[in-house]
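Everything below concerns the one structure shown next.
Note: hydrogens, waters and symmetry copies are ignored here, and every other heavy atom, side chains too, is used. Lettering follows sequence order; numbering is per chain, from 1.
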Amino acid sequence: MITITIASGKGGAGKTSITAALAAWLKTTAVAADCDVDAANTAIALGATIRTTDDYWSGDGYSIDPARCADCGRCAEVCRFGAIQRLTGQLHIDEALCERCAACQDVCPAGAVVAAPKRGGSLSVSATDCGSILVHAKLIPGEDTSGKLVRAVRLRAEAVATALPGARYILVDAPPGIGCPVIAALSGADLAVVVVEAGQSGIRDARRLYELLAGMKRRTVCVVNKAGLAPQMDRLARDLAAEFGSPVVASLPFDKRFRRATEGGKAWVDSRDPEIRASAMELCAGLLEAAKDC
Amino acid sequence: MSLTLAVASGKGGTGKTTLAVHLAAWYARSGPTLLADLDVDAPDAGGYFPAARPVAPDQPVEIAVPEQDQARCTACGACASLCRFGALVYIKGMVTINPVTCKGCGRCVRACPAGALVESPVRAGRVSLALLPNLALYQGLLTVGDIRSTAVIEAVKQRAVDPAAALTIRDCPPGATCPTVRAVHGASACLLVAEPTAFSLHDLENALRLVQALGIPVGLVINKAGAGQADPRRLAARYAVPVVAKLAWSHSLAEAGARGQLCLEDPAMRRCLGDIELWLDGFKPKDAP
């Protein structure tokens, strides 16, 4: 089994479209994992039909029972995250700021801090129009612990792929950025595909991703996307890949037809536009060639 | 009174930073303005202001992480059994500390009966400040490999305060979980930037739910109008959110974006910024009659 993880640093660089193109190309030999659980779009790109869904429990959440609270304020004193405030005369835990460390519960002399398991969202396994199985998740907006859910999605995809005869690839669609959920998505990657948007921001963010990947000692290849808007940016994108020893597998031009193809609910490799189809097939063939030695 | 505007989106790449930097430059022409780049994983606002003068030195963002005094540790394991972040692990009569996952809650230090844990600061990132006339640009930068984005975001928020500034703009991270919540929390108003695509609409709904749950008034900006077929207006109506402004896709704006250049003279951009200003005026306290 080969795990290919598609990441970018900057959002909107084309991660999901490239993941969908690869899945549509590999069909039943691939299991896709949408690890961008904050903004999960692979299901839209691949036309998913949910087969099974499980609740995702994110651990205990905390609140203060006003009936038991003696109003001593010790909880607010120990909270390092500023999550406990006095609202209309009562101590209150702001869930949006709470890191769920439970320090407040340790120090409450009245036993007024109550823990209750929280449903963070759900995890689904779906069939898709192209034949790949897709593992994806829905995080309740504002919920905590997306890194933990990313890990759950990745592990579920591994389990599905192992049990599926003929499955040879796991395609991981990573979230943007370089933080906790991205590191969770990149663990276990045999090959990381760095999508560099050929613009000042895209290149800066991809550099940080390359630095992260160098620390994680992952093999990388580069796809330059939205090329041709500013020629010096195309050059800088290639220079960046060269600096990190990352072969440029493909360079996709900035072309509204790519977006239109995605909008039509079709993966690029199935586009009716022969030029888009040809570029996408070349991209997929290049990526698989690079993954061959993994 | 000073207003704080969060610019967020759900999906990445819809134009949060583009809008935030243009708004900052637009408001800086009439008075002191703050721009706080809270996308600490991938901060890009600074790239639009190459002339900004850095104010040295950067301020470190530090987490108080426990260190173990081996001589005192009785290997009882109490610390590890409490840790919710997997930062202390108790295996075979030994406690190992992983300073990278520690959030610095301090529980283990208080719980240790032998007083064997002492906190020392570990750097998770830094906050920089750069100045232009009327514009202070605060930027948070997460250390590569670190996972504590929220701590860096909080540090930028606490530093980027100036009562003299009429407007503070927060360029927020993409997504709809902890970092976005931290970044948006406490803002007087939030602009969500959407593009007319199915992906963007799906993620916009998550962001809308998050921001409304925080009780923050929301306005919608439709960016790259004409570049897709999806229409965010129905979703906006369902959540009773006004469409504050629209910015049509144009090749010249896309090209300037790739180069990291401001387009304050572009007529479409000016119209968009003017419409946002009108909406923001509504949040100013009304003068007494």
Side-chain angles (χ1 to χ4, degrees), chain A residues 9-13 16 36-41 44-45 59 78 80-82 96-97 99-103 106-107 139 141-147 175-183 197-202 204-205 208 211-212 215-216 226 229-230 232-233 254 256 259-260 262-263 265, chain B residues 9-14 17 39-44 47-48 64 82 84-85 103-107 110-111 142 144-150 154 173-182 185 197-199 202-203 205-210 213-214 227-230 251 254-255 257-260:
Chain A
K10 184 177 181 304
T16 300
D36 188 1
V37 296
D38 279 34
N41 292 326
I44 302 173
V78 297
R80 297 259 174 105
F81 310 106
L97 302 180
E99 295 274 3
R100 306 191 193 176
C101 68
D106 291 346
V107 299
L139 199 66
E143 260 300 317
D144 209 342
T145 70
S146 62
I178 58 163
C180 159
V182 179
I183 295 173
E197 184 181 310
Q200 202 201 51
S201 300
R204 186 184 304 106
D205 301 344
R208 282 166 63 73
E211 287 170 3
L212 175 69
M216 295 176 78
K226 306 187 190 178
L229 277 170
Q232 81 269 34
M233 292 299 160
F254 181 90
K256 279 184 167 178
R259 185 192 292 267
R260 231 172 278 144
T262 308
E263 276 291 289
Chain B
S9 69
K11 184 180 181 308
T14 61
T17 301
D39 188 358
V40 302
D41 282 24
D44 290 317
Y48 286 84
L82 287 177
R84 294 293 159 92
F85 309 110
K103 296 229 172 163
C105 71
R107 265 186 104 190
R110 268 192 307 276
L142 178 75
V144 173
D146 208 287
I147 60 169
R148 291 163 288 210
S149 306
T150 49
E154 190 58 37
T177 47
C178 3
T180 312
V181 172
R182 270 279 160 177
H185 196 273
T197 63
F199 288 0
H202 172 265
D203 305 341
E205 184 160 14
N206 289 343
L208 272 169
R209 288 172 58 192
L210 179 159
L214 291 173
Q229 281 124 39
H251 196 277
E255 190 188 324
R259 293 180 197 278

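- Options A/Gly12, A/Cys101, A/Ala103 differ in how many heavy-atom pairs under 4.5 Å they form with chain B, and the most are formed by A/Cys101.
- For the set B/Thr197, B/Thr14, B/Asp203, the entry with the most heavy-atom pairs within less than 4.5 Å of chain A is B/Asp203.
- In this structure a side-chain-to-backbone donor-acceptor pair under 3.5 Å is present from A/Arg80 to B/Gly104.
- Proximity to chain B is limited to the side chain of A/Gln232, based on heavy atoms less than 4.5 angstrom apart.
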**Study point:** Steps toward salt bridge (charged side-chain N to carboxylate O under 4.0 Å, His left out) verdict (A/Asp106, B/Arg110)
**Key:** CA-CA 9 Å; A/Asp106 291 346; B/Arg110 268 192 307 276; 5.1 Å; no
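- In this structure, no portion of A/Val37 lies under 4.5 Å from any heavy atom of chain B.
- Between the side chains of A/Asp38 and B/Asn206, not a single donor N or O lies within less than 3.5 Å of an accepting N or O.
- Judged purely by distance below 3.5 Å, without hydrogens or angles, the side chains of B/Gln229 and A/Arg260 never pair a donor atom with an acceptor atom.
- Contacts of B/Ala198 with chain A are made by both backbone and side-chain atoms, with heavy-atom separations under 4.5 Å.
- In this structure, the side chain to side chain donor-acceptor pair (under 3.5 Å) partners of B/Thr150, at least two apart in sequence or on a different chain, are A/Glu99.
- Closest approach of A/Ala198 and B/Ala258 over heavy atoms only: O-CB, 3.9 Å.
- Remark: A/Arg259 engages no residue in a side chain to side chain donor-acceptor pair (under 3.5 Å) (not counting sequence neighbours).
- Counting heavy-atom pairs closer than 4.5 Å to chain B, the top-ranked of the candidates A/Gly179, A/Gly177, A/Ala102 is A/Ala102.
- A salt bridge is defined here as a Lys NZ or Arg NE, NH1 or NH2 lying under 4.0 Å from an Asp or Glu carboxylate O, and A/Lys10 with B/Asp44 fails to meet this definition.
- Contact count versus chain A (heavy atoms, under 4.5 Å) is highest, among B/His185, B/Arg84, B/Arg107, for B/Arg107.
- Looking at B/Pro173, neither its backbone nor its side chain comes within 4.5 Å of chain A, counting heavy atoms on both sides.
- For the pair A/Ile183/B/Ile147, a side-chain contact is recorded, criterion being any heavy-atom separation below 4.5 Å from C-beta on.
- Of the two parts of B/Leu208, neither the backbone nor the side chain holds a non-hydrogen atom closer than 4.5 Å to a non-hydrogen atom of chain A.
- Here the closest non-hydrogen pair linking A/Arg208 and B/Asp41 is NE-O, 2.9 Å.
- Contact of A/Ala45 with chain B is made through backbone and side chain together, with heavy-atom distances under 4.5 Å.
- Once rounded to the nearest 0.5 Å, the distance linking CG of B/Leu142 with CG of A/Leu212 reads 9.5 Å.
- Taking both residues in full, the closest heavy atoms of B/Tyr48 and A/Gln200 are given as N-OE1, 4.4 Å, listed atom of the first, atom of the second, then distance.
- Note: B/Cys105 leads B/Gly260, B/Gly175, B/Cys105, B/Ala227 in heavy-atom pairs under 4.5 Å with chain A.
- The candidate from B/Gly228, B/Ser9, B/Ala64, B/Gly12 with the greatest count of non-hydrogen atom pairs under 4.5 Å with chain A is B/Gly12.
- For a residue to count as touching a neighbouring chain, one of its non-hydrogen atoms must lie under 4.5 Å from one of that chain's; by this rule A/Phe254 touches chain B with the side chain only.
- Between A/Ala96 and B/Leu214, the closest heavy-atom pair is CB-CD2, 3.7 Å.
- B/His251 has its side chain within reach of A/Leu229: a pair of non-hydrogen atoms, C-beta onward, lies under 4.5 Å apart.
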